[in-house]
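Chain letters run A, B, ... following the sequence lines, proteins first and then strands; every chain starts at 1. Quantities reported herein were computed from a predicted structural model and do not represent experimental measurements.
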Amino acid sequence: MRNALALLIVIVLAGLMMAGVSQLPPPGSPDGAVHRHVAAHYIDGGTEAGGAPNLVTAVLLNYRALDTYGEVVVIFAALVAVLAVGLSGHSRGPRRQPDELPVSPVVDRIIRLLAPFIALFALFMILEGHVLPGGGFQGGVVLGALLILLSLVLGPRRIRRMLPTPALFWTRAIAPLVFALTAIAGLALAGWLFALPEPAWLRELILVGLELAIGIGAALALVGFYLSLEADHHD
Amino acid sequence: MSELLLTTFAAVLIAAGCLFFLAGTIGLLRLPDFYCRLHATTKCDAVGAVLILLGVALIAGADTQTVRIVALIALIAISSPTAGHALARAGWHAGHRPWTREENDEPE
């Protein structure tokens with residue numbers, strides 16, 4: 001009975017999807033509504049209205065800023081959830097003796113050698129994000145990976161103590177906070193959410209700020225995941 | 001003439017690099033245990049990619065691109081063997097014992 005019901009639902013949904021897909025214009029056709037109206041509009045006025053010289057960035061940080069805001073909030077919520085679960089698991093469970101194996105001297109030396117270059121590359125990706133497609137999230141992931149590598153060499157305690165707890169508390173939430181701030185500032189200065197105020201340098205500054213916030217938020221989320229896994233493993 | 005020579009040399013380097021990738025991939029699929037497979041696959045990046053990039057750098061000639069390619073070669077040459085070393089070390093300390101033909105044991 002349940003199987004028959006599931007089959008029925010699948011068939012109905014598949015039929016609806018097929019019907020929808022069959023109405024789509026052939027992919028890549030230049031006469032499609034998407035290409036004649038929306039895309040043309042973006043290409044015509046995107047750079048000016050979006051405030052970013054790159055159209056992808058303009059869409060990401062301006063046209064669909066609300067969507068990006070949602071993404072940042074999702075990442076932050078995931079971090080909060082992992083931290084909450086990790087903290088509750090601390091006291092319970094069988095305590096297993098950590099088999100402390102020192103990091104190999106080769107790995108240690110190589111990570112120390114590469115760390116400044118990785119940091120530079122991460123910063124480059126984040127800052128370049130407002131003129132080239134991509135940026136904040138990708139650079140943040142590189143930065144987070146660097147911090148995880150460093151925690152292998154220096155020990156997770158040093159990484160945990162890098163920021164005092166109150167500062168860490170606020171920095172973890174930096175991406176949603178900065179996005180909310182930008183949204184409200186746009187509403188106050190130009191009249192709608194996420195509007196970028198007029199002087200070009202201010203727009204640029206805001207875009208760089210948004211990219212930095214995305215990057216730092218993503219990096220700290222990654223490090224948070226890793227550190228709470230690591231604590232679970234050793235405690 | 002010299003350009004033809006350079007291009008031929010670059011082509012030979014790239015083909016050799018591809019050969020290393022092929023050998024590494026076959027090794028990954030066919031070799032019996034963790035250490036053997038690691039031995040095969042670390043050759044892909046460390047030798048294969050470096051050879052291909054050297055060929056590309058030769059074709060690019062004296063250009064800013066070449067500087068980037070050389071930096072990339074340096075990065076791969078440093079990081080890939082380190083990753084292989086770390087994997088092998090972790091495997092050893094996790095209790096993997098190398099497969100031997102004499103014992104005739106089942107590969108993991």
Is any side-chain heavy atom of [X] closer than 4.5 Å to a side-chain heavy atom of [Y]?
X      : Y      : value
A:T68  : A:I214 : yes
B:W92  : B:R97  : yes
A:R172 : A:L83  : yes
A:L152 : A:V107 : no
A:R112 : A:V153 : yes
B:C18  : B:I52  : yes

Q) So which heavy atom on A:I159 is nearest to which on A:L147, and how close? A) CD1-O, 3.9 Å
Could you measure the distance from the [atom1] atom of [X] to the [atom2] atom of [Y]? Nearest 0.5 Å is fine.
X      : Y      : atom1 : atom2 : answer
B:T41  : B:L31  : OG1   : CG    : 9.0 Å
A:E211 : A:I216 : CD    : CD1   : 11.5 Å
A:F225 : A:L220 : CZ    : CG    : 11.0 Å

Q. Is any residue of residues 115-123 of chain A within less than 4.5 Å of chain B by heavy atoms, and which ones?
A. none
Q: Heavy-atom distances under 4.5 Å only: say whether A:I111 touches chain B with side chain, backbone, both or neither.
A: neither
Q. Residues of residues 54-66 of chain B under 4.5 Å from chain A (heavy atom pairs)?
A. none
